[in-house]
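Step one of this worksheet: look at the structure below.
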Amino acid sequence: MTEARGSAGPNGETHAPGTPCWVSLMVHGLATTQEFYGALFGWEFRPGPQQLGPYVRALLDGSDVAGIGQLPPDRHLPIAWTPYLASDDVDLTAETVRLCGGTVGVGPLDAEDAGRLVIGSDPSGAVFGVWQAAAHRGTAIAGVPGTPAWHELLTFETASVAKFYETVFEYDEEPVISADFDYVTLLIDGRPVAGIHGVGNSLPRDRGPHWVTYFEVADADESLAQVADLGGHVLGPAHDTEHGRVATVADPEGARFCLVQSPA
């Protein structure tokens with residue numbers, strides 16, 4: 001994980017292309033999921049675009065933070081937080097994804113007047129979204145508890161998949177030079193916006209390559225206890241890193257995410 005302040009677009013700013021601009025979760029129990037995240041992060045909810053079924057936007061102090069949608073009962077997809085990467089032309093981005101060996105599973109389609117989206121996957125199978133903003137700019141607040149702080153791709157190895165994202169979204173990369181740590185930070189205009197972590201055979205067999213969202217919290221240990229009390233799952237103890245105190249958890253439906261308490 002690398003520090004990534006400024007990746008949101010507060011005050012209605014448009015996110016630069018390639019910047020993670022939204023994060024969304026599709027679940028079976030929409031009401032119970034809202035209760036979990038509302039209690040954990042202090043989110044409130046209002047209806048959002050319904051193109052893919054029932055959908056709500058999560059708000060913190062009146063600002064958009066994330067989205068949660070409801071899967072049809074017959075859809076048995078992995079329950080996972082999905083980052084959306086900003087684009088000025090989602091149709092062109094979708095075509096580039098295909099040309100670079102990725103897959104487009106949904107779209108391009110309009111989400112009412114909010115914007116235009118694609119949901120695809122990289123060549124390793126990790127799912128991500130692409131968002132072209134219209135009325136809805138994306139995540140509008142950053143750097144406070146309850147907001148996305150970082151997005152990290154867990155995959156087998158970084159070299160080939162980093163090339164995919166760099167070609168599609170024109171990132172620069174900053175690799176970690178280490179024999180035993182395979183990590184690449186993706187940059188836009190010199191600013192870190194996301195990371196790719198190659199973990200080889202340590203990748204969970206039931207998940208495959210996937211993106212992980214880190215959410216800012218005021219106290220990682222306190223939030224960890226709260227996750228358990230709310231019916232979530234603690235997947236590992238909180239531990240200190242150079243970027244803060246971090247813990248991996250899952251919500252009641254199994255969507256994994258990380259809590260991060262940034263250094264004071």
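Keep in mind it's a predicted model, so treat the numbers as computed, not measured. Heavy atoms only: backbone and side chains are in, while hydrogens, waters and symmetry mates are out.
Looking only at side-chain heavy atoms (C-beta outward), V199 and D182 stay at 4.5 Å or farther from each other. Put simply, the side chain of V249 does not reach to within 4.5 Å of the side chain of H233, judged on heavy atoms. S223 places none of its side-chain heavy atoms less than 4.5 Å from the side chain of F41. The side-chain heavy atoms of P148 and T139, taken from C-beta on, include a pair separated by under 4.5 Å. Contact annotation: the side chain of H239 approaches that of V246 to within less than 4.5 Å [non-hydrogen atoms, C-beta and beyond]. The side-chain heavy atoms of L224 and V217, taken from C-beta on, include no pair separated by under 4.5 Å. Between I141 and V65 there is a side-chain heavy-atom pair separated by less than 4.5 Å. Using a 4.5 Å cut-off on side-chain heavy atoms (C-beta onward), L186 and V184 make contact.
When each of I119, T19, V118 is tested with Y84 by the rule side-chain contact (heavy atoms from CB on, under 4.5 Å), just one qualifies, namely I119. For the side-chain contact (heavy atoms from CB on, under 4.5 Å) test with R245, the passing option among D221, V260, L259 is D221; the others fail.
Between H210 atom NE2 and L153 atom CG the span is 8.5 Å, to the nearest 0.5 Å. Residue R57 holds its CZ atom at 5.5 Å from CG of D64, rounded to the nearest 0.5 Å. Within the model, atoms CG of L92 and CD of Q132 stand 10.0 Å from one another, a figure rounded to the nearest 0.5 Å. To the nearest 0.5 Å, the span separating CH2 on W211 from NE2 on H151 amounts to 8.5 Å. Rounding to the nearest 0.5 angstrom, the gap separating the CZ atom in R191 from the OG1 atom in T185 is 13.0 Å. Note that CZ of R137 and CH2 of W22 are 14.0 Å apart. Values are rounded to the nearest 0.5 Å.
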Next item on the list: Please test L117 against V90 for side-chain contact (heavy atoms from CB on, under 4.5 Å), starting from the C-alpha separation and ending with a verdict.
Entry: CA-CA 7 Å; L117 68 86; V90 78; 5.7 Å; no
Next item on the list: Start with the C-alpha distance between D61 and S63, add both sets of side-chain angles, then the distance that settles side chain to side chain donor-acceptor pair (under 3.5 Å), and finish with yes or no.
Entry: CA-CA 6 Å; D61 297 329; S63 295; over 6 Å; no
Next item on the list: Could you give me the CA-CA distance, side-chain angles and deciding distance for I188 and Y171, then say whether side-chain contact (heavy atoms from CB on, under 4.5 Å) is met?
Entry: CA-CA 6 Å; I188 294 175; Y171 296 124; 3.7 Å; yes
Checklist line | Residue pair D251, R256: steps toward the salt bridge (Lys or Arg N to Asp or Glu O under 4.0 Å) verdict | finding: CA-CA 7 Å; D251 69 18; R256 301 183 186 195; over 6 Å; no
Next item on the list: Please test E173 against L187 for side-chain contact (heavy atoms from CB on, under 4.5 Å), starting from the C-alpha separation and ending with a verdict.
Entry: CA-CA 6 Å; E173 71 164 60; L187 311 172; over 6 Å; no
Notebook entry, point to check: Does the salt bridge (Lys or Arg N to Asp or Glu O under 4.0 Å) test come out yes or no for R98 and E95, once each step is laid out?
Noted result: CA-CA 5 Å; R98 293 189 187 98; E95 186 59 31; 3.5 Å; yes
Next item on the list: Check step by step if side-chain contact (heavy atoms from CB on, under 4.5 Å) holds for F257 and Y214.
Entry: CA-CA 6 Å; F257 58 100; Y214 289 71; over 6 Å; no
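Minimum heavy-atom separation, L203 to T155: CD1-N, 4.0 Å. The two residues G69 and Y55 make their nearest non-hydrogen contact at CA-CD1, 3.6 Å. Across every non-hydrogen atom of A16 and A86, the tightest pair is O-CB, 3.5 Å. P20 and H15 make their closest contact through O-CD2, 4.1 Å (heavy atoms, listed as atom of the first residue, atom of the second, distance). In this structure, A247 and A238 approach most closely via the heavy-atom pair CB-CA, 3.8 Å. A pairwise comparison of heavy atoms in P108 and A94 identifies CG-CB, 4.0 Å as the closest pair.
Atom CG of D189 has 12 or fewer heavy atoms from other residues, nucleotides or ligands within 6.0 Å. Environment of CD in E222: sparse, with no more than 12 heavy atoms of neighbouring residues, nucleotides or ligands closer than 6.0 Å. Atom CD of Q50 is surrounded by more than 12 heavy atoms from other residues, nucleotides or ligands within 6.0 Å.
Without hydrogens or angle criteria, W43 side chain to G146 main chain gives a donor-acceptor distance under 3.5 Å. A donor-acceptor pair under 3.5 Å links the side-chain atoms of D89 to the main chain of D91, judged by distance alone. Q70 places no side-chain N or O within donor-acceptor distance of the main-chain N or O of G53, the cut-off being under 3.5 Å. Using modelled atom types, no side-chain atom of E216 and backbone atom of P145 make a donor-acceptor pair closer than 3.5 Å. Judged by distance alone, with hydrogens and angles left aside, the side-chain atoms of E253 form a donor-acceptor pair with the main-chain N or O of G29 at under 3.5 Å. Under a 3.5 Å cut-off, the side chain of T241 and the backbone N or O of H243 do form a donor-acceptor pair.
In this pair, F169 and F128 present their aromatic rings perpendicular. The plane angle is above 60°, beyond the 30 to 60° band. Classified by interplanar angle (parallel below 30°, tilted 30° to 60°, perpendicular above 60°), the ring pair F215/W81 is perpendicular. Taking the six-membered ring for Trp and thresholds of 30 and 60 degrees, Y183 and H197 have ring planes inclined between 30 and 60 degrees apart.
No continuous path of hydrophobic side-chain contacts links L30 to L59 [ILVMFWY only; heavy atoms under 4.5 Å]. L230 and L235 fall into different hydrophobic clusters, defined by Ile, Leu, Val, Met, Phe, Trp and Tyr side-chain heavy atoms under 4.5 Å apart, directly or through other members.
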